[in-house]
Amino acid sequence: MPKRTPAKTLSDEILQLLRAPKYRPLDKIELADALGYDASRRREVRLALQEMERDGEVARIRKSRYVLPDTADLVSGVLSVNEAGFAFLTNEKPGQGDLFLSAPNTGTAWHGDRVLARIIRGEDAARGRRGRAEGRVIRILESARETIVGTLQQTRNFFYVVPDDPRLVHNVYLSAPLAARIGDKVVVQLEPWESRHVNPEGKIIEVLGARDAPGVDVLSIIRKYHLPLEFPPAVLAEAEAIPTTVPASAARGREDLRQQFILTIDPDDARDFDDAIQVDELPNGRWKLGVHIADVAAYVKPNGALDREARQRGNSVYLPDRVIPMLPERLSNGVCSLKPKVDRLTHSVFLEFDRDGKPRAARFARTIIRSAQRLTYKEAYALLQKPAEDELGKRLHTAWKLAALLRKNRFADGSLDLDMPEVKVVCDKNGKPIRFERSENDESHQLIEEFMLAANEAVARDLKNRGIPTVYRVHEVPDADRLAEYREFILSHGLRVGDLTQRREVQRLLKTIRGSAEEHALKIGLLKSLKRARYANVPLGHYGLAKTNYTHFTSPIRRYADLLVHRALVEPAGGRNAAASTQLASLAEHISVTERQAAEAEMEAVKVKKLEFFEAQLAARDPQVFDAMIIDIRNYGLLIELPELLLTGLIHISTLTDDFYVFSPAQRQFVGRQTRRRFAVGQTLRVHVARVDRFKRQIDFAISDLRPASSSKRGGQKRK
């Protein structure tokens, strides 16, 4: 039995036993006996083993005997399933290689499940060496889902549901009476799935409605990601008790900024304004920046009903036809929103920069402001494009001078330009998509972006220097192997690129592809090669921004992480106990998960609305014609992108009926035998929709005029 010391935990004792040279695999009862725990304390051992297995510290093999994962060629991680059925398992151990799993080797695991897999080929790769390791799932540690959302279908003998998510590659047979019609969207409760040789089964627990009924598409996504549509009564009651205006007495103890010229800049349709700015150019060539953020912490108290609900939600979710807010509207669009001409409580960051834009001083204060002006991004951009004519124009131009300086310094320090345009889907009152609006990262967006980045960095630096536990926004250094794979992808596109583990080389690549036909696709590829930004209770740095210290402070109305940081900023040094600091780690993991779920739901909703829009186009007798650009060529057709919509699609080779085309893989071209007409990457075309596959979520197009279109033409015109 291992020698027990007062400081040693039960998990430490278990690990010491499993590492022993003469250890043989034991079950939980044998382990308890070996550790000297009698029958009355076996439950402690069982619970410890369960927690250690969840954390990947131990693994169960034959007949539930426990071993260290490394000693049995076992790898734990999250399964990512491809639509074709094969999968990759992301190794939970840093620096270790991922596993490839063929479709049969995924067993009964679903996409997103956390699993334990045994390495069956290529062991060296799983230990970080070159080559591809292959594995087989032997146990599901954590199921990613208890329900699925899909469409009810029927064969001659049985009913089944086709999942909306194409990565869920198995249809679900129904084992309970039906309360839905064929073609309806339904929510299915999954039953235990014991064997891959038969399809999974389940029962319908909710009928969402006909597939094409208004609102059902987005409601399906809401159910899929378990997003809450209503606030509990206790939360609404607590919100109702908060005054809708700021009383005069609230200024006591706060720095009064109500006479200063402060403004907000937000999207056209924004209703929750959580940040405001002011910039002054000082006589000595220095700059003073004030960033004022809604003081949500003044209203949402720790462990109250509002706080618990906000913590559970983690963030607001922005879907094409609605917003699912983190806080009730009484706060998010009311007393916390920095509306013009009214008093609002704020938490401010005051930064001073020298004439070169280098930070020299930072100060933080609880304040009260009265915003002088509310601008939309479009209005701010228009003002920046012409000489300043009044105080608003002068202050905006002054702000841009500082922002441009900060932006220049940021990229000089190694920050990566990963910004991409966004496309917003505009829906009518029934949720039907009627048009798209493309948003560029112009000067008005960049101005706010730079000031928010500066404030976030200053807050993170202060909290770190004072030793105050908090959550940081981290973006870890990417894996060299992933960057090497991406480099091969870049080379296949005929571009020269060096060692992408060097930041300057990544910057050079981004500069090279800027404005090219393949920029969007290549940037997406780079983002997939980088690690995902997340929250952590330690300052691991932010690779993309090239910042050592970074956090989120500027959006507490819509992100719980920012609310936590606001509370930490007023903490005295040593003001939190060790238990509270430890809780931050699990809380950071939770809000990282809710953020990922929100991002996936938002992207999926936009995709669904684009599909719906083009289905309507397909039904029209005279569909719109759009500009498209060829971004890749395969032997089966042209891969295109509609730049105005940021949408990719396919022109199948079978639709090129004016000639017989020969595929040239070396030149990545199609060449007509008779006309010698060529289709090449970067070429612009005029296209209209030809086919929409809702289940596969694919859109096929056809060339409208069989003549390459001028790149200066715009989409959205009617086909003649």
Side-chain angles (χ1 to χ4, degrees), residues 80 111-112 144-145 149 163-168 185 208 214-229 266-272 274 310 312-327 329 332-333 377 418-428 431-441 445 449 473 475 520 523-524 527-528 530 532-535 544 552 554-562 590-614 642 644-648 694 697 699:
S80 179
H111 170 78
R145 59 187 46 78
V149 178
D164 283 354
D165 191 339
R167 297 169 300 183
L168 306 181
K185 290 284 187 180
L208 303 179
V216 168
D217 51 359
V218 175
L219 181 60
S220 299
I221 293 170
I222 290 171
R223 290 291 187 265
K224 174 182 175 180
Y225 291 97
H226 306 288
L227 302 176
L229 283 177
D266 293 279
D268 296 17
D269 57 351
R271 297 172 65 189
D272 52 343
D274 50 15
Q312 181 63 33
R313 295 185 177 216
N315 42 256
S316 298
V317 185
Y318 296 86
L319 304 175
D321 64 346
R322 74 192 80 188
V323 175
I324 302 176
M326 184 181 78
L327 296 170
E329 188 171 340
S332 60
N333 297 343
Y377 281 121
L418 297 174
D419 289 322
M420 291 191 294
E422 297 180 357
V423 170
K424 177 185 174 183
V425 182
V426 180
C427 300
D428 63 16
K432 179 182 177 181
I434 53 177
R435 69 177 187 277
F436 301 98
E437 292 182 358
R438 178 172 164 134
S439 173
E440 299 286 351
N441 189 35
H445 292 77
E449 178 185 24
R473 183 65 168 177
H475 187 213
H520 186 252
K523 265 192 173 181
I524 291 292
L527 288 172
K528 290 181 178 179
L530 303 180
R532 191 161 192 165
R534 61 184 178 90
Y535 295 104
H552 275 167
T554 55
S555 297
I557 291 177
R558 62 185 179 89
R559 292 188 305 225
Y560 192 74
D562 302 54
H590 166 70
I591 57 181
S592 295
V593 170
T594 61
E595 179 195 43
R596 287 195 296 271
Q597 289 176 334
E600 290 178 12
E602 290 166 1
M603 289 188 293
E604 187 171 336
V606 169
K607 177 71 172 179
V608 164
K609 288 301 180 186
K610 288 179 179 178
L611 289 167
E612 183 182 350
F613 176 84
F614 279 102
L642 277 59
E644 292 301 312
L645 306 184
L646 296 182
L647 178 74
T648 57
R694 276 246 185 176
R697 297 195 174 174
I699 303 176

A side-chain contact here means heavy atoms from C-beta on lying under 4.5 Å apart; do [X] and [Y] qualify?
X: Leu327; Y: Arg313; answer: no
X: Arg223; Y: Leu229; answer: yes
X: His520; Y: Met420; answer: yes
X: Ile221; Y: Glu602; answer: no
X: Met326; Y: Ile557; answer: no
X: Asp562; Y: Asp274; answer: no
X: Glu422; Y: Leu646; answer: no
X: Ile591; Y: Arg559; answer: no

Let's go through Lys185 and Asp217 carefully: what are the C-alpha distance in whole Å and the side-chain angles of both, what is the deciding distance for side chain to side chain contact (heavy atoms under 4.5 Å, CB included) to 0.1 Å, and is it a yes or a no?
CA-CA 8 Å; Lys185 290 284 187 180; Asp217 51 359; over 6 Å; no
Does a donor on one side chain sit under 3.5 Å from an acceptor on the other, for [X] and [Y]?
X: Asn315; Y: Thr594; result: yes
X: Arg558; Y: Ser555; result: yes
X: Glu604; Y: Tyr225; result: yes

Residues Lys224, Asp164; criterion salt bridge (charged side-chain N to carboxylate O under 4.0 Å, His left out); working and verdict
CA-CA 9 Å; Lys224 174 182 175 180; Asp164 283 354; over 6 Å; no
Geometric class of the Phe613/Phe436 ring pair [parallel <30°, tilted 30-60°, perpendicular >60°]
perpendicular
Ignoring hydrogens, what is the shortest heavy-atom contact between Leu227 and Ala601? Give both atom names and the distance.
CD1-CB, 4.1 Å
Distance-minimising heavy-atom pair for Arg322 and Gly215
NH2-O, 4.2 Å
Roughly how far, to the nearest 0.5 Å, is [atom2] of [Y] from [atom1] of [X]?
X: Cys427; Y: Ile434; atom1: SG; atom2: CD1; result: 7.5 Å
X: Glu600; Y: Glu595; atom1: CD; atom2: CD; result: 10.5 Å
X: Asp165; Y: Ser220; atom1: CG; atom2: OG; result: 12.5 Å
X: Ser592; Y: Gln597; atom1: OG; atom2: CD; result: 11.0 Å
X: Phe614; Y: Leu647; atom1: CZ; atom2: CG; result: 5.5 Å
X: Arg697; Y: Lys607; atom1: CZ; atom2: NZ; result: 8.5 Å

Side chain of [X], backbone of [Y]: donor and acceptor closer than 3.5 Å?
X: Lys609; Y: Asp321; value: no
X: Asp272; Y: Ser332; value: no
X: His475; Y: Gly544; value: yes

Glu440 atom CD, over 12 foreign heavy atoms within 6.0 Å
yes
May I ask you to decide whether Arg271 forms a salt bridge with Asp266, counting only side-chain N to carboxylate O separations under 4.0 Å?
no
Taking 4.0 angstrom as the limit, do Glu437 and Arg435 come out as a salt bridge?
yes
Quick check, are the ring centers of His552 and Tyr535 under 6.0 angstrom apart?
yes
Side chain to side chain contact (heavy atoms under 4.5 Å, CB included) between Val423 and Glu644, worked out:
CA-CA 8 Å; Val423 170; Glu644 292 301 312; over 6 Å; no
Asp269 vs Lys424, test: side chain to side chain contact (heavy atoms under 4.5 Å, CB included). Steps then yes/no.
CA-CA 11 Å; Asp269 57 351; Lys424 177 185 174 183; 2.3 Å; yes
Stepwise side chain to side chain contact (heavy atoms under 4.5 Å, CB included) check, Val317 with Leu319:
CA-CA 6 Å; Val317 185; Leu319 304 175; 3.9 Å; yes
